[in-house]
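Read through the structure below, which is laid out as structure tokens, and then see the notes.
Just so you know, these numbers come straight off a predicted model, no measurement behind them. Sequential numbering from 1 along the given sequence is applied to the chain's residues.
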Amino acid sequence: MVTIFDVAKAAGVSKSTASRAISGQGYVSQASKAKVLTAAAKLGYTPSILARQFRGQSTKNIGFIARTYYPAVG
């Protein structure tokens with residue numbers, strides 16, 4: 001799995017710059033944005049939905065703990 005760190009390294013920019021270029025939030029020069037987007041496409045980068053949910057402090061997932069497990073109930 002390609003990470004934002006891999007994209008930043010390939011583009012020769014910081015992780016923050018790569019993140020801003022991909023998200024479209026904050027200032028990034030046109031030259032840097034072009035390098036980041038080219039590197040992301042070349043590496044096949046796709047943003048991690050789980051990472052974005054953790055960043056937003058909401059994963060929309062629930063979990064449970066069970067004392068026993070009955071795989072064939074019924």
Partner residues of Lys42 under the side chain to side chain contact (heavy atoms under 4.5 Å, CB included) criterion, sequence neighbours left out: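 Side chain to side chain contact (heavy atoms under 4.5 Å, CB included) check on Lys42 returns nothing, list empty.
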Residue list, side-chain hydrogen bond (donor to acceptor under 3.5 Å, both in side chains) with Ser14, at least two apart or on another chain: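 Thr17.
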Taking all non-hydrogen atoms of both residues, which atom of [X] and which atom of [Y] are closest, and how far apart?
X: Arg20; Y: Tyr27; value: NE-O, 3.2 Å
X: Ile4; Y: Tyr45; value: N-CE1, 3.7 Å
X: Lys33; Y: Val28; value: N-CG1, 3.7 Å
X: Ala21; Y: Leu37; value: O-CD2, 4.3 Å

Nearest-0.5 Å distance that lies between atom CG in Asp6 and atom CG in Leu43: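 One finds 7.0 Å between CG of Asp6 and CG of Leu43.
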Point-to-point distance, once rounded to the nearest 0.5 Å, from NZ of Lys35 to CD of Gln30: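 If I round to the nearest 0.5 Å, the distance is 13.0 Å.
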Common cluster, Val13/Val7, ILVMFWY with side-chain heavy-atom separation under 4.5 Å: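 As far as the 4.5 Å side-chain criterion goes, Val7 and Val13 are connected within one cluster.
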Sidechain-backbone polar pair: Thr38 side chain, Ala34 backbone, donor-acceptor under 3.5 Å: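 Side chain of Thr38 to backbone of Ala34: a pair is present.
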